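Atom set for the values below is all heavy atoms of this structure, side chains included, hydrogens, waters and symmetry mates excluded. Convention: sequence-line order gives letters A, B, ...; per-chain numbering from 1. What you see is a predicted model, and the numbers here were worked out from it, not measured in a lab.
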Protein chains: 4
Amino acid sequence: MSTQEFAEFDPKGMPFRRLGASGLRVPVFSLGGWLTYGQTVKGDPVKEIMKIAFENGINMFDTAEGYAAGNSEIEMGRVIRELNLRRSDLIITTKIYFGTRTGPNDKGLSRKHIIEGTKASLERLGLDYVDVIFAHRPDSTVPMEEVVRAFNWVIEKGWAFYWATSEWSALEIEEAHHVATRLNLIPPIAEQCQHHMLHRERPEKEYAPLYKRYDLGTTVWSALASGLLTGKYNDGVPADSRFATHKDFFKDTLDSLTKEEGLRKLEKVKALTALAEKELGCTTSQLALAWVAKFPTTSTVILGATKPEQLLENIKALEVLPKLTPEVLQKIESILDNKPAPVSTWGRPALDKYGKQ
Amino acid sequence: MSTQEFAEFDPKGMPFRRLGASGLRVPVFSLGGWLTYGQTVKGDPVKEIMKIAFENGINMFDTAEGYAAGNSEIEMGRVIRELNLRRSDLIITTKIYFGTRTGPNDKGLSRKHIIEGTKASLERLGLDYVDVIFAHRPDSTVPMEEVVRAFNWVIEKGWAFYWATSEWSALEIEEAHHVATRLNLIPPIAEQCQHHMLHRERPEKEYAPLYKRYDLGTTVWSALASGLLTGKYNDGVPADSRFATHKDFFKDTLDSLTKEEGLRKLEKVKALTALAEKELGCTTSQLALAWVAKFPTTSTVILGATKPEQLLENIKALEVLPKLTPEVLQKIESILDNKPAPVSTWGRPALDKYGKQ
Amino acid sequence: MSTQEFAEFDPKGMPFRRLGASGLRVPVFSLGGWLTYGQTVKGDPVKEIMKIAFENGINMFDTAEGYAAGNSEIEMGRVIRELNLRRSDLIITTKIYFGTRTGPNDKGLSRKHIIEGTKASLERLGLDYVDVIFAHRPDSTVPMEEVVRAFNWVIEKGWAFYWATSEWSALEIEEAHHVATRLNLIPPIAEQCQHHMLHRERPEKEYAPLYKRYDLGTTVWSALASGLLTGKYNDGVPADSRFATHKDFFKDTLDSLTKEEGLRKLEKVKALTALAEKELGCTTSQLALAWVAKFPTTSTVILGATKPEQLLENIKALEVLPKLTPEVLQKIESILDNKPAPVSTWGRPALDKYGKQ
Amino acid sequence: MSTQEFAEFDPKGMPFRRLGASGLRVPVFSLGGWLTYGQTVKGDPVKEIMKIAFENGINMFDTAEGYAAGNSEIEMGRVIRELNLRRSDLIITTKIYFGTRTGPNDKGLSRKHIIEGTKASLERLGLDYVDVIFAHRPDSTVPMEEVVRAFNWVIEKGWAFYWATSEWSALEIEEAHHVATRLNLIPPIAEQCQHHMLHRERPEKEYAPLYKRYDLGTTVWSALASGLLTGKYNDGVPADSRFATHKDFFKDTLDSLTKEEGLRKLEKVKALTALAEKELGCTTSQLALAWVAKFPTTSTVILGATKPEQLLENIKALEVLPKLTPEVLQKIESILDNKPAPVSTWGRPALDKYGKQ
């Protein structure tokens, strides 16, 4: 393939941020292939969405070995080739843990699975390397030294530029840094965590020391709370919604919505919808996405999309970002009423608010 | 002397900040003994000023072996005893470099002078230890390893809790960290630097990577530009001013005031005086002090004072701090027109302004 | 291709120096491809100049990914093949930073761009490795650990033997050493810096501690101050000169020549021309080149050339080197009147001039 | 004792140099107590010589536990007190190895003897610390780690600021550095070695890599070759000379002077005497002292003296230093004909003589 055949990448105003303590620049919004590509969505629709994404400044595509048992990677790899996207224009991330099979060594973070799994992922993607390889979950049955050494091996091999974690506790990330310091190895640079208006304790409080100490970045998934923050469940569960079509997967969520705690959540979403539509002139989704993107610790918010229109709609959250003034953010806090309490200093007087905290 | 005899320390609303990457809390304003105590000011006036300072929340006193050839330390030590100040209530800092004599090993940062000098300073102060011992200048003729080892020795000996630098370049501070990292020694926690509205390049630009990387703190001296920012030279040099009474020392400054650059500076000070008096209801000095204190990287601003009234007047700069809104700060920038240019990224696109820089 | 086909390299009296703290020997004069090869100069002229260079002892060729958007590398690579130059006879250096495209990850010193960029450079050059890979600029947006690790990866991969910096501050070079010490990685061995009679502060003063501490080498560019030190602008800007043909690029330089500072510079160049022609029997260019080459810290002076005659003329600067006696150097200092002031020792007495400084 | 009682130190034009890789400044000429103080010279003459030395810029006094079985230290300590010399004005060095007694643990570099010996030396000197503690000889029966650890313990205890070696081979000094690097301990900063016109191989060739790598300093003893280079043996051994009065000690030397090699040496000394007296207007001793002082690697030349006049005479060697032009040095080389051969590069071409070697 000659050079001129490549589609030209144009960020089109998409802002880029550093991915944690790294020099990699990621778009504020990226595209994820969870539960969709390779499973419910295959073939041309995937190509169409990825094309629209790329044309709108989204050049970061996130997948995992465990998404649709490897088919998400296969679909994404196919589209990258078909669209003639230049490798250096792209940020491709995948994740290792869940594997594609069920044998005793087909999952987890053993050196065996990290290496065998990454190799298989690259083959499915048809790539020489990904930009970031994630540990999709922590594995308490493997010594941390083995995990850190194996991801470093993958990087030294040239199969990835960086490694990161997903759904690890702050304690587990700290352990990984401890091992990396002791052995002079590369630590993880980011955490792919759940962060949305109704799930704040871990990303906003538990990780706080890591943001400060390691400049940890986050690649946020579930910014819309599986759809709850789109507002579409405000008046019940529509028949064509994800909660309805994936009843088993979302059973607990669905059940909870009928209980006291769930009803309180719905009330909050309704108030947010009112704020979005009446005061900010945007959708509930756009407000929810912009709110997460507003955190300086958020590196990128991973969008899911089954239709191009949905993606284009959500990207418009960028326009909401400057509308989130201190006053508006305060209104949101009043609605949510779930801001994590600050860490106690056990009576030591507060520091001067103008100085460095 | 029994416990109850000690004067009780009451911060009286003085805000405290961390001194760089340390747990030590220092008052936003502290008191320095440069050119004054032990030389032009001796005996009771020193006691009176230090008493007023302590009663108004200033419990940090800065001196140096080189101030008045050791007499500043002698005077401060005397007053601390006479006022019955409790050691743990105080933050005492001194500095080693200039010595009190002229022999080939009486100055600088050799292990010999750091140790012999600190010992002599403690004897003059009549104290077992200072809180922070500063390297008063860099010494390019001594290997950095010797300097870092010697200050660590002083700390291990119990003669100081922390060490810091004064008027070192960012390169020299980075070297000290390099050595400390390599040898597992304690790095310097702060820099005593000149920082005022007419001297910004080093504290605001050169040190920027150190603030980020090491959480470096600053103990600012000369926040009033040797008096220029008090506004008292706006209409010529008064006979009783420091510039007039220390003509030789300030010769260069005085000469420059009559040249184009100096005249431009005076114009700026006049505009600041107008802003302070007409819009903020404060003195030029208070504005200049609050402006430096506003930087989150400023740990403490060292005040000089020859009269108690002067000190009380300057402390009121605390009330000006909340008045320095983004709009007022912008007005000041327009007057000063000397904001250090950002570091070039050589064509790499800017990062998203909402993300972590 | 059989061994005997290679052109034989004969240093022809060209002196060789160590490249900083390395065992690599570089010719005192080398050839650079900036602004010329691949852009204004293409095809046979490049081949002719490189042939003449090689036949006159210059076996070191410097280029960069950012020169003519990759075309400088393409031209150089082509000529090396066409001239049948033996790889081990050559010292090929290229530089990474500016890239050849404009995407968010196409420039700078992220691991992604260092690795993707070096790979692309080697492909354009048609080589398996370069001798030295330079970081063409510092990148304040990337953690230094990532930069040092990535260049080490490139070396471990076999894509380069050494890495170096270009236009980095002493602070940034020290940071790189700090990281390399901490992680047991390879530090940069040299700095490609601007150094000429009218630009001395950084190479002669700022880098001084690095020459001493790390035996840093320099590969000097712009020894002729973009042509100013050839003397050809002594009587105005000739129509066919680089300043005239690249008006936009040299706008600032051109403008400055008409101002007081620029006119002072021209006066100095005129005096140098007189000294060169009347006392040393050489051209202004030869004097300027020999003057830079005379610094023991200079590893190589990179020559630019658009015509073979120009190159042959400039190499003759070698004959001027022994004429730069202490007396002549003193005359030059009198003309230039810009010798960087020594670092202050703040009153510490001077060391014995016969001892080691 | 109050401050004003101290004799004031005035360097009186004595040049000071760094002692190797340290910040300690030592006078080019210092005074040693070998074989004299405490033994042949006691009481008032010692005081008289040290007083004259101090008044003429020599504030560095070298002794050893083994000199006159401890009596040299006792005499020096007594004089320091009697002359009211201020401790920080002085550089006091002593050496551990030979001890003062003959038991199995009374000598050498065991941790036991280094610590017990240093303690005893300080007691004899009546000092809290010396500036430099030397290992007077290497001890091949003690692991180097024990030696380095013990001297570091002495420094950490505050009993010395630096440690150094005496008559160690380059290999042994390198071993000490290796251990210090591995354990993050302080390496030796200098070597007290024999260096004179007739003994050059070790100081000029063997130590060369250490001068470069560690900035090793030397405190030279025997610069006059036990008197041979004073010229007083040019016409036989005078009855009152050291060779005559210490016949047993100098037996080998005396014997050698009658053999072919010894006669050749005497011829050289005679030629040097002619050069000194006729061309340089100085004594043979002054020439020999200046010649050693001229090496930039020489930190200090230790003078011996039994009479004040002798000391004053030798200090005048300072005036000979500037007379040692390249031409005069070349004449001396012709007379000596013993310049150590350069290290072979086994056919690798020489480096450019103007570049850094």
Side-chain angles (χ1 to χ4, degrees), chain B residues 65 69-71 73-74 96-124 135 137-159 172 176 178-186, chain D residues 3-4 6-28 30 54 57-60 85-93 127-132 152 155-163 180-187 189 214-217 300:
Chain B
E65 60 170 3
N71 286 313
E73 293 175 326
I74 291 171
I96 298 296
Y97 189 102
F98 293 105
T100 58
R101 310 184 70 243
T102 58
N105 286 302
D106 282 334
K107 283 190 203 312
L109 302 181
S110 68
R111 184 177 184 98
K112 182 176 173 70
H113 184 59
I114 290 173
I115 293 177
E116 288 179 345
T118 305
K119 192 156 175 280
S121 281
L122 291 175
E123 281 165 11
R124 283 190 294 271
R137 286 290 180 281
D139 188 338
S140 62
T141 70
V142 181
M144 188 58 83
E145 180 170 332
E146 179 171 340
V147 177
V148 177
R149 281 194 186 276
F151 279 110
N152 271 259
W153 190 91
V154 164
I155 289 172
E156 294 302 334
K157 186 76 174 176
W159 290 353
E172 289 154 340
H178 184 166
V179 167
T181 297
R182 180 164 56 81
L183 301 175
N184 277 345
L185 297 173
I186 303 171
Chain D
T3 303
Q4 56 273 37
F6 285 119
E8 203 66 32
F9 178 61
D10 177 354
K12 284 262 190 65
M14 171 65 67
F16 277 71
R17 294 182 179 176
R18 291 186 307 111
L19 180 56
S22 91
L24 185 69
R25 303 240 179 135
V26 294
V28 169
S30 48
F54 190 77
I58 293 182
N59 66 338
M60 178 175 181
L85 303 184
R86 185 196 305 266
R87 183 61 189 90
S88 58
D89 272 344
L90 300 173
I91 299 154
I92 306 296
T93 63
L127 297 177
D128 292 330
Y129 58 88
V130 288
D131 293 273
V132 189
N152 271 260
I155 289 172
E156 293 303 334
K157 185 75 175 175
W159 289 354
F161 292 136
Y162 310 92
W163 77 282
T181 298
R182 178 165 56 82
L183 301 176
N184 277 351
L185 297 173
I186 302 172
I189 58 167
Y214 304 122
D215 196 8
L216 185 76
T300 188

Heavy-atom pair count under 4.5 Å with chain B, highest-scoring of D:I155, D:I186, D:N59: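 That would be D:I186.
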Contacting region of B:L183 [heavy-atom separation from chain D under 4.5 Å]: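 Contact with chain D involves both backbone and side-chain atoms of B:L183.
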Toward chain D, the part of B:R101 with a non-hydrogen atom under 4.5 Å: side chain
Between [X] and [Y], is any pair of side-chain heavy atoms under 4.5 Å apart?
{"X": "D:R17", "Y": "D:V28", "result": "yes"}
{"X": "D:W159", "Y": "D:V130", "result": "no"}
{"X": "B:E65", "Y": "B:H113", "result": "yes"}

D:R25 versus chain B, the contacting section by heavy-atom distance below 4.5 Å: both
Contacting moiety of D:L90, where chain B heavy atoms sit under 4.5 Å: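 It is the backbone, since no side chain atom gets that close.
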Check: B:E73 side chain, B:L122 main-chain N or O, donor-acceptor pair, under 3.5 Å: no
Pair D:R18 + D:D215: basic N to acidic O under 4.0 Å: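 A salt bridge links D:R18 with D:D215.
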Partner chain D: residue of B:G103, B:P104, B:S110 with the largest heavy-atom pair count (under 4.5 Å): B:P104
